[in-house]
Amino acid sequence: MNLEIKKEAEYCLHCKNKPCSNIGCPLNINIPEFIEKIKEENYKGAADILYQTTVLPAICGRVCPHYKQCMGPCVRGIKGNPVNIGKLETFAGDWALENNYQIKKENIEKQKRIAIIGGGPAGLTAAAFLAMKGHNVTIYEKYDNLGGLLIYGIPDFRLPKEVVQNQINLILNLGIDVKYNMQLGKNLYINDLEREYDNVILAFGANNSAKMNIDGEDLEGVFGGNELLEYNLHPDYKGKVVVVNGGGNVAMDTARIVKNLGAEKVIVTYRRSRDEMPAESKEIESAMNEGVEFLFQNNIVKIIGEKNVEKVELIKTKLIKKEGETRPSPVNIENSNYTIDADYVVMAIGSVPANEAKELGLECTKYGYIKVDEKGMTSNPKIYAIGDLANNKSTIAWAARSGRNVAKEINNEVT
Ligand code: SF4
(Lines give C-alpha, C1' and ligand atoms only; values in the text may rest on other atoms or scores of the structure.)
Protein backbone atom coordinates (compact mmCIF):
# COMPACT_ATOMS: atom_id res chain seq x y z
CA MET A 1 0.00 0.00 0.00
CA ASN A 2 1.31 3.46 -0.90
CA LEU A 3 0.20 5.73 1.97
CA GLU A 4 0.93 9.00 0.19
CA ILE A 5 -1.13 7.92 -2.82
CA LYS A 6 -3.94 6.62 -0.64
CA LYS A 7 -4.06 9.94 1.21
CA GLU A 8 -4.19 11.87 -2.05
CA ALA A 9 -6.99 9.58 -3.31
CA GLU A 10 -8.93 10.07 -0.08
CA TYR A 11 -8.72 13.84 -0.57
CA CYS A 12 -11.02 13.52 -3.63
CA LEU A 13 -14.67 14.32 -2.84
CA HIS A 14 -16.03 11.95 -5.49
CA CYS A 15 -18.21 14.78 -6.85
CA LYS A 16 -21.37 13.67 -8.62
CA ASN A 17 -21.07 16.20 -11.46
CA LYS A 18 -17.32 15.44 -11.98
CA PRO A 19 -16.10 18.86 -13.25
CA CYS A 20 -12.55 17.46 -13.41
CA SER A 21 -13.75 14.92 -15.94
CA ASN A 22 -16.57 16.71 -17.76
CA ILE A 23 -15.09 20.20 -18.04
CA GLY A 24 -11.36 19.72 -17.50
CA CYS A 25 -10.15 16.49 -19.06
CA PRO A 26 -10.10 16.48 -22.90
CA LEU A 27 -10.46 12.70 -22.78
CA ASN A 28 -13.29 12.83 -20.20
CA ILE A 29 -11.55 10.16 -18.12
CA ASN A 30 -13.83 9.02 -15.30
CA ILE A 31 -11.57 10.65 -12.74
CA PRO A 32 -13.53 10.16 -9.49
CA GLU A 33 -14.10 6.50 -10.34
CA PHE A 34 -10.47 5.62 -11.00
CA ILE A 35 -9.49 7.56 -7.87
CA GLU A 36 -12.10 5.59 -5.91
CA LYS A 37 -10.49 2.34 -7.06
CA ILE A 38 -7.09 3.59 -5.90
CA LYS A 39 -8.67 4.45 -2.54
CA GLU A 40 -9.89 0.84 -2.35
CA GLU A 41 -6.36 -0.30 -3.33
CA ASN A 42 -7.92 -1.97 -6.36
CA TYR A 43 -5.23 -0.84 -8.80
CA LYS A 44 -6.32 -3.12 -11.61
CA GLY A 45 -9.80 -1.65 -11.27
CA ALA A 46 -8.25 1.86 -11.57
CA ALA A 47 -6.41 0.78 -14.73
CA ASP A 48 -9.60 -0.75 -16.17
CA ILE A 49 -11.39 2.58 -15.78
CA LEU A 50 -8.51 4.59 -17.24
CA TYR A 51 -8.17 2.32 -20.27
CA GLN A 52 -11.84 2.82 -21.16
CA THR A 53 -10.98 6.33 -22.35
CA THR A 54 -7.18 6.60 -22.65
CA VAL A 55 -4.25 4.40 -23.63
CA LEU A 56 -1.62 6.89 -22.43
CA PRO A 57 -2.18 7.22 -18.66
CA ALA A 58 1.47 6.91 -17.63
CA ILE A 59 2.31 9.65 -20.13
CA CYS A 60 -0.62 12.04 -19.60
CA GLY A 61 -0.23 11.64 -15.84
CA ARG A 62 3.27 13.09 -16.18
CA VAL A 63 3.08 15.73 -18.91
CA CYS A 64 -0.49 16.99 -19.34
CA PRO A 65 -0.97 20.63 -18.33
CA HIS A 66 -3.11 19.48 -15.40
CA TYR A 67 -3.81 22.91 -13.94
CA LYS A 68 -5.19 23.99 -17.32
CA GLN A 69 -7.13 20.75 -17.77
CA CYS A 70 -8.49 18.34 -15.12
CA MET A 71 -7.14 20.07 -12.01
CA GLY A 72 -8.39 23.52 -13.09
CA PRO A 73 -12.08 22.94 -12.28
CA CYS A 74 -11.44 20.53 -9.36
CA VAL A 75 -13.85 21.39 -6.53
CA ARG A 76 -11.09 20.91 -3.95
CA GLY A 77 -9.26 23.79 -5.65
CA ILE A 78 -11.94 26.33 -4.67
CA LYS A 79 -10.72 26.59 -1.09
CA GLY A 80 -7.34 24.92 -1.23
CA ASN A 81 -5.20 22.73 -3.45
CA PRO A 82 -6.93 20.68 -6.13
CA VAL A 83 -6.60 16.91 -6.02
CA ASN A 84 -3.28 15.98 -7.62
CA ILE A 85 -4.95 14.06 -10.45
CA GLY A 86 -1.75 13.85 -12.50
CA LYS A 87 0.06 12.08 -9.68
CA LEU A 88 -2.80 9.59 -9.22
CA GLU A 89 -3.05 8.92 -12.95
CA THR A 90 0.73 8.37 -13.11
CA PHE A 91 0.49 5.94 -10.20
CA ALA A 92 -2.28 3.85 -11.79
CA GLY A 93 -0.65 4.15 -15.25
CA ASP A 94 2.70 2.94 -13.88
CA TRP A 95 1.00 0.13 -11.97
CA ALA A 96 -0.42 -1.14 -15.26
CA LEU A 97 3.01 -0.99 -16.94
CA GLU A 98 4.72 -2.78 -14.07
CA ASN A 99 2.10 -5.50 -13.64
CA ASN A 100 1.72 -6.81 -17.17
CA TYR A 101 -1.72 -5.25 -17.54
CA GLN A 102 -3.43 -6.15 -20.82
CA ILE A 103 -6.05 -4.02 -22.54
CA LYS A 104 -9.29 -5.89 -23.19
CA LYS A 105 -9.96 -6.76 -26.82
CA GLU A 106 -13.20 -7.62 -28.61
CA ASN A 107 -13.68 -9.67 -31.74
CA ILE A 108 -15.97 -8.40 -34.44
CA GLU A 109 -17.15 -10.09 -37.59
CA LYS A 110 -16.79 -7.19 -39.99
CA GLN A 111 -13.14 -6.45 -39.43
CA LYS A 112 -11.66 -3.52 -41.32
CA ARG A 113 -8.09 -3.00 -42.51
CA ILE A 114 -6.80 0.37 -41.37
CA ALA A 115 -3.48 2.07 -42.14
CA ILE A 116 -2.28 4.78 -39.78
CA ILE A 117 0.55 7.06 -40.86
CA GLY A 118 2.46 8.25 -37.80
CA GLY A 119 2.93 6.61 -34.41
CA GLY A 120 2.70 9.62 -32.09
CA PRO A 121 0.04 10.06 -29.39
CA ALA A 122 -2.85 10.54 -31.87
CA GLY A 123 -1.84 7.62 -34.11
CA LEU A 124 -1.17 5.28 -31.20
CA THR A 125 -4.52 6.12 -29.62
CA ALA A 126 -6.46 5.61 -32.84
CA ALA A 127 -4.60 2.32 -33.41
CA ALA A 128 -5.36 1.09 -29.91
CA PHE A 129 -9.08 1.93 -29.95
CA LEU A 130 -9.49 0.29 -33.37
CA ALA A 131 -7.52 -2.80 -32.32
CA MET A 132 -9.59 -3.03 -29.11
CA LYS A 133 -12.64 -3.45 -31.35
CA GLY A 134 -10.91 -6.19 -33.31
CA HIS A 135 -9.90 -4.28 -36.44
CA ASN A 136 -6.72 -5.05 -38.32
CA VAL A 137 -4.39 -2.07 -37.82
CA THR A 138 -0.99 -1.25 -39.32
CA ILE A 139 1.00 1.81 -38.26
CA TYR A 140 3.48 3.23 -40.78
CA GLU A 141 6.21 5.07 -38.88
CA LYS A 142 8.88 7.40 -40.26
CA TYR A 143 11.51 6.45 -37.68
CA ASP A 144 12.67 3.13 -36.30
CA ASN A 145 10.75 3.72 -33.10
CA LEU A 146 7.21 4.80 -32.29
CA GLY A 147 6.20 7.67 -30.03
CA GLY A 148 6.66 10.75 -32.23
CA LEU A 149 6.93 13.84 -30.10
CA LEU A 150 6.66 11.73 -26.95
CA ILE A 151 10.18 10.51 -27.76
CA TYR A 152 11.87 13.41 -29.52
CA GLY A 153 9.72 16.38 -28.51
CA ILE A 154 9.72 16.02 -24.73
CA PRO A 155 13.03 15.79 -22.89
CA ASP A 156 13.79 12.86 -20.61
CA PHE A 157 13.65 15.02 -17.48
CA ARG A 158 9.92 15.51 -18.09
CA LEU A 159 9.04 12.15 -19.62
CA PRO A 160 11.46 9.22 -19.30
CA LYS A 161 11.86 7.33 -22.59
CA GLU A 162 11.48 4.03 -20.74
CA VAL A 163 7.95 4.98 -19.66
CA VAL A 164 7.03 5.87 -23.25
CA GLN A 165 8.47 2.59 -24.54
CA ASN A 166 6.61 0.54 -21.93
CA GLN A 167 3.37 2.36 -22.69
CA ILE A 168 3.85 1.70 -26.42
CA ASN A 169 4.58 -2.00 -25.75
CA LEU A 170 1.35 -2.30 -23.77
CA ILE A 171 -0.57 -0.78 -26.71
CA LEU A 172 1.16 -3.02 -29.28
CA ASN A 173 0.16 -6.08 -27.25
CA LEU A 174 -3.26 -5.54 -28.80
CA GLY A 175 -1.79 -7.05 -31.95
CA ILE A 176 -1.05 -3.89 -33.94
CA ASP A 177 1.35 -4.30 -36.85
CA VAL A 178 4.07 -1.65 -37.27
CA LYS A 179 6.14 -0.90 -40.35
CA TYR A 180 9.14 1.26 -39.44
CA ASN A 181 11.23 3.65 -41.57
CA MET A 182 8.32 4.40 -43.88
CA GLN A 183 7.99 7.97 -45.03
CA LEU A 184 5.31 9.52 -47.19
CA GLY A 185 6.59 10.51 -50.60
CA LYS A 186 9.81 8.51 -50.17
CA ASN A 187 8.85 4.88 -49.81
CA LEU A 188 5.19 5.22 -48.85
CA TYR A 189 2.43 6.47 -51.13
CA ILE A 190 -1.09 7.42 -50.17
CA ASN A 191 -2.58 5.94 -53.38
CA ASP A 192 -1.11 2.52 -52.59
CA LEU A 193 -2.50 2.64 -49.06
CA GLU A 194 -5.91 3.72 -50.32
CA ARG A 195 -6.02 0.67 -52.58
CA GLU A 196 -4.80 -1.74 -49.91
CA TYR A 197 -6.81 -0.56 -46.87
CA ASP A 198 -10.42 0.25 -46.06
CA ASN A 199 -9.38 3.49 -44.39
CA VAL A 200 -6.24 5.55 -43.98
CA ILE A 201 -5.65 7.77 -40.95
CA LEU A 202 -3.08 10.54 -41.25
CA ALA A 203 -1.38 11.20 -37.93
CA PHE A 204 2.09 12.46 -38.78
CA GLY A 205 1.81 15.66 -36.78
CA ALA A 206 2.73 19.25 -37.44
CA ASN A 207 6.27 19.52 -36.31
CA ASN A 208 7.85 22.26 -38.38
CA SER A 209 8.60 25.39 -36.37
CA ALA A 210 6.51 28.36 -37.46
CA LYS A 211 8.43 31.36 -38.73
CA MET A 212 8.00 35.02 -37.78
CA ASN A 213 8.99 36.22 -41.27
CA ILE A 214 11.26 38.93 -39.92
CA ASP A 215 14.61 40.20 -41.20
CA GLY A 216 17.52 37.98 -40.30
CA GLU A 217 15.50 34.82 -39.74
CA ASP A 218 17.59 33.02 -42.39
CA LEU A 219 20.94 33.86 -40.77
CA GLU A 220 23.13 31.00 -39.61
CA GLY A 221 22.49 30.31 -35.97
CA VAL A 222 18.68 30.66 -36.14
CA PHE A 223 17.01 27.34 -35.31
CA GLY A 224 13.47 26.07 -34.98
CA GLY A 225 12.72 24.73 -31.48
CA ASN A 226 10.91 21.66 -32.83
CA GLU A 227 13.78 20.77 -35.15
CA LEU A 228 16.35 21.17 -32.36
CA LEU A 229 14.35 18.78 -30.17
CA GLU A 230 13.61 16.33 -32.98
CA TYR A 231 17.05 16.04 -34.57
CA ASN A 232 19.16 16.88 -31.53
CA LEU A 233 21.64 18.72 -33.76
CA HIS A 234 22.91 21.21 -31.23
CA PRO A 235 25.90 23.46 -31.88
CA ASP A 236 28.49 24.02 -29.16
CA TYR A 237 26.78 26.48 -26.81
CA LYS A 238 29.73 26.97 -24.44
CA GLY A 239 30.21 30.65 -23.72
CA LYS A 240 27.34 31.62 -26.02
CA VAL A 241 24.21 33.71 -25.57
CA VAL A 242 21.05 32.02 -26.83
CA VAL A 243 17.72 33.80 -27.26
CA VAL A 244 14.69 31.52 -27.23
CA ASN A 245 11.56 33.17 -28.57
CA GLY A 246 8.21 31.78 -27.38
CA GLY A 247 6.14 30.99 -24.32
CA GLY A 248 5.06 27.37 -24.65
CA ASN A 249 6.52 24.11 -23.48
CA VAL A 250 8.74 23.79 -26.58
CA ALA A 251 10.31 27.13 -25.63
CA MET A 252 10.79 25.97 -22.02
CA ASP A 253 12.20 22.59 -23.04
CA THR A 254 14.67 24.02 -25.54
CA ALA A 255 15.74 26.80 -23.14
CA ARG A 256 16.46 24.27 -20.39
CA ILE A 257 18.26 21.86 -22.72
CA VAL A 258 20.41 24.64 -24.19
CA LYS A 259 21.26 25.89 -20.69
CA ASN A 260 22.13 22.35 -19.56
CA LEU A 261 24.34 21.96 -22.63
CA GLY A 262 26.51 24.78 -21.35
CA ALA A 263 25.21 28.05 -22.84
CA GLU A 264 26.50 30.99 -20.83
CA LYS A 265 23.21 32.83 -21.00
CA VAL A 266 19.77 31.74 -22.17
CA ILE A 267 17.12 34.43 -22.52
CA VAL A 268 13.49 33.59 -23.22
CA THR A 269 11.64 36.41 -24.96
CA TYR A 270 7.85 36.40 -24.82
CA ARG A 271 5.53 39.10 -26.12
CA ARG A 272 2.94 38.74 -23.37
CA SER A 273 3.38 38.52 -19.58
CA ARG A 274 4.19 35.44 -17.52
CA ASP A 275 0.49 34.96 -16.69
CA GLU A 276 -0.38 34.41 -20.34
CA MET A 277 2.42 31.94 -21.04
CA PRO A 278 0.98 28.69 -22.42
CA ALA A 279 3.79 26.68 -20.76
CA GLU A 280 3.00 24.91 -17.51
CA SER A 281 3.85 27.01 -14.46
CA LYS A 282 6.10 24.29 -13.02
CA GLU A 283 8.09 24.20 -16.28
CA ILE A 284 8.60 27.98 -16.17
CA GLU A 285 9.74 27.72 -12.55
CA SER A 286 12.13 24.89 -13.36
CA ALA A 287 13.62 26.94 -16.20
CA MET A 288 14.05 29.94 -13.88
CA ASN A 289 15.64 27.76 -11.19
CA GLU A 290 18.10 26.44 -13.75
CA GLY A 291 19.23 29.97 -14.61
CA VAL A 292 17.17 30.72 -17.71
CA GLU A 293 16.39 34.45 -17.90
CA PHE A 294 13.08 35.88 -19.12
CA LEU A 295 12.17 39.05 -20.96
CA PHE A 296 8.40 39.27 -20.74
CA GLN A 297 6.45 41.70 -22.92
CA ASN A 298 9.26 41.84 -25.42
CA ASN A 299 8.89 40.96 -29.07
CA ILE A 300 11.68 40.19 -31.53
CA VAL A 301 11.50 42.48 -34.54
CA LYS A 302 14.79 41.74 -36.29
CA ILE A 303 17.78 39.42 -36.10
CA ILE A 304 21.00 41.19 -36.99
CA GLY A 305 24.27 39.83 -38.37
CA GLU A 306 26.47 39.52 -41.48
CA LYS A 307 26.33 35.77 -41.94
CA ASN A 308 25.75 34.56 -38.39
CA VAL A 309 23.52 35.91 -35.65
CA GLU A 310 25.18 38.81 -33.82
CA LYS A 311 22.34 40.75 -32.23
CA VAL A 312 18.62 40.63 -31.72
CA GLU A 313 16.44 43.72 -31.93
CA LEU A 314 13.52 43.74 -29.52
CA ILE A 315 10.58 45.99 -28.94
CA LYS A 316 8.67 46.33 -25.69
CA THR A 317 4.94 45.63 -25.67
CA LYS A 318 1.92 46.70 -23.67
CA LEU A 319 -1.04 44.39 -23.19
CA ILE A 320 -4.48 45.50 -24.29
CA LYS A 321 -7.57 43.40 -23.78
CA LYS A 322 -9.96 43.83 -26.67
CA GLU A 323 -13.64 43.02 -26.47
CA GLY A 324 -14.39 39.36 -26.90
CA GLU A 325 -10.76 38.28 -26.37
CA THR A 326 -9.93 35.78 -23.63
CA ARG A 327 -6.39 37.06 -23.19
CA PRO A 328 -4.83 40.46 -23.83
CA SER A 329 -3.08 41.19 -27.09
CA PRO A 330 0.46 42.53 -27.12
CA VAL A 331 0.85 45.88 -28.84
CA ASN A 332 4.31 47.19 -29.68
CA ILE A 333 5.32 50.35 -27.78
CA GLU A 334 6.59 52.85 -30.32
CA ASN A 335 10.28 53.77 -30.12
CA SER A 336 11.01 51.23 -27.39
CA ASN A 337 13.34 49.20 -29.65
CA TYR A 338 16.71 48.10 -28.31
CA THR A 339 19.26 45.42 -29.19
CA ILE A 340 20.94 42.65 -27.23
CA ASP A 341 23.96 40.57 -28.19
CA ALA A 342 23.20 36.98 -29.15
CA ASP A 343 24.97 34.05 -30.81
CA TYR A 344 21.96 31.85 -31.48
CA VAL A 345 18.22 32.34 -31.75
CA VAL A 346 15.67 29.56 -31.27
CA MET A 347 12.19 30.14 -32.69
CA ALA A 348 9.58 28.35 -30.62
CA ILE A 349 6.43 30.28 -31.43
CA GLY A 350 4.35 27.40 -32.74
CA SER A 351 4.23 24.52 -35.19
CA VAL A 352 2.98 23.99 -38.72
CA PRO A 353 2.71 20.81 -40.78
CA ALA A 354 5.52 19.73 -43.08
CA ASN A 355 5.06 20.30 -46.83
CA GLU A 356 4.23 16.63 -47.38
CA ALA A 357 0.76 17.39 -45.98
CA LYS A 358 0.04 19.78 -48.84
CA GLU A 359 1.21 17.27 -51.44
CA LEU A 360 -1.44 14.65 -50.67
CA GLY A 361 -4.12 16.19 -52.86
CA LEU A 362 -6.39 16.83 -49.86
CA GLU A 363 -7.99 20.13 -48.96
CA CYS A 364 -5.80 22.11 -46.57
CA THR A 365 -6.22 25.32 -44.57
CA LYS A 366 -4.18 28.38 -45.50
CA TYR A 367 -1.66 27.41 -42.79
CA GLY A 368 -1.17 23.94 -44.29
CA TYR A 369 -3.27 21.91 -41.84
CA ILE A 370 -5.44 19.20 -43.37
CA LYS A 371 -9.11 20.19 -43.41
CA VAL A 372 -11.41 17.73 -41.66
CA ASP A 373 -15.11 17.68 -40.85
CA GLU A 374 -16.54 17.11 -37.37
CA LYS A 375 -15.89 13.38 -37.79
CA GLY A 376 -12.24 13.86 -38.64
CA MET A 377 -12.83 13.00 -42.30
CA THR A 378 -10.75 14.77 -44.96
CA SER A 379 -11.94 15.83 -48.41
CA ASN A 380 -11.40 12.16 -49.38
CA PRO A 381 -14.02 10.05 -47.50
CA LYS A 382 -11.61 7.14 -47.14
CA ILE A 383 -8.99 9.25 -45.40
CA TYR A 384 -9.10 10.75 -41.91
CA ALA A 385 -6.66 13.16 -40.25
CA ILE A 386 -6.06 13.48 -36.53
CA GLY A 387 -3.84 15.25 -34.01
CA ASP A 388 -1.84 18.38 -34.76
CA LEU A 389 -1.99 17.72 -38.49
CA ALA A 390 -5.72 18.47 -38.39
CA ASN A 391 -5.08 21.51 -36.18
CA ASN A 392 -6.40 20.00 -32.97
CA LYS A 393 -5.37 21.88 -29.83
CA SER A 394 -1.78 20.89 -29.49
CA THR A 395 -1.72 18.92 -26.26
CA ILE A 396 -1.25 15.19 -25.98
CA ALA A 397 -4.70 14.65 -24.51
CA TRP A 398 -6.40 16.60 -27.32
CA ALA A 399 -4.42 14.69 -29.95
CA ALA A 400 -5.39 11.43 -28.25
CA ARG A 401 -9.03 12.50 -28.15
CA SER A 402 -9.05 13.12 -31.90
CA GLY A 403 -7.52 9.66 -32.44
CA ARG A 404 -10.11 8.02 -30.21
CA ASN A 405 -12.96 9.88 -31.94
CA VAL A 406 -11.88 8.82 -35.41
CA ALA A 407 -11.46 5.21 -34.22
CA LYS A 408 -15.02 5.35 -32.92
CA GLU A 409 -16.24 6.86 -36.18
CA ILE A 410 -14.61 4.17 -38.30
CA ASN A 411 -15.88 1.45 -36.00
CA ASN A 412 -19.43 2.86 -36.14
CA GLU A 413 -19.37 2.52 -39.93
CA VAL A 414 -19.26 -1.25 -39.62
CA THR A 415 -21.36 -1.92 -36.55
FE1 SF4 B 1 -12.39 14.63 -7.02
FE2 SF4 B 1 -11.76 17.18 -7.69
FE3 SF4 B 1 -12.95 15.57 -9.47
FE4 SF4 B 1 -14.34 16.44 -7.32
S5 SF4 B 1 -13.54 17.70 -9.00
S6 SF4 B 1 -14.30 14.35 -8.18
S7 SF4 B 1 -12.68 16.52 -5.80
S8 SF4 B 1 -10.90 15.27 -8.59
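Each ligand, and each atom within it, is numbered from 1 in the order the structure gives. Residues take their numbers from the sequence shown, with the count starting at 1. Computed from a predicted structure; not experimentally measured.
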Check ion pair Glu10-Lys39 (N to O, under 4.0 angstrom) =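 Looking at Glu10 and Lys39, the cut-off is not met.
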Salt bridge present between Lys142 and Glu230 (N-O < 4.0 angstrom) = yes
Only counting residues at least two apart or in another chain, list the ones meeting side-chain contact (heavy atoms from CB on, under 4.5 Å) with Ala126.
->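 Scan of Ala126 (side-chain contact (heavy atoms from CB on, under 4.5 Å), adjacent residues dropped) gives Ile116, Ile201, Ile386.
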What residues form a side chain to side chain donor-acceptor pair (under 3.5 Å) with Glu283, not counting sequence neighbours?
-> Arg256
Under the side chain to side chain donor-acceptor pair (under 3.5 Å) rule, collect the residues that match up with Ser273, sequence neighbours excluded.
-> Glu276
Near atom 3 (Fe) of ligand 1 (protein N/O/S, cut-off 2.8 Å, waters excluded) we have Cys20 SG
Go through the steps to decide whether Asp48 and Tyr101 satisfy the test side chain to side chain donor-acceptor pair (under 3.5 Å), and finish with yes or no.
-> CA-CA 9 Å; Asp48 283 342; Tyr101 180 83; 2.5 Å; yes
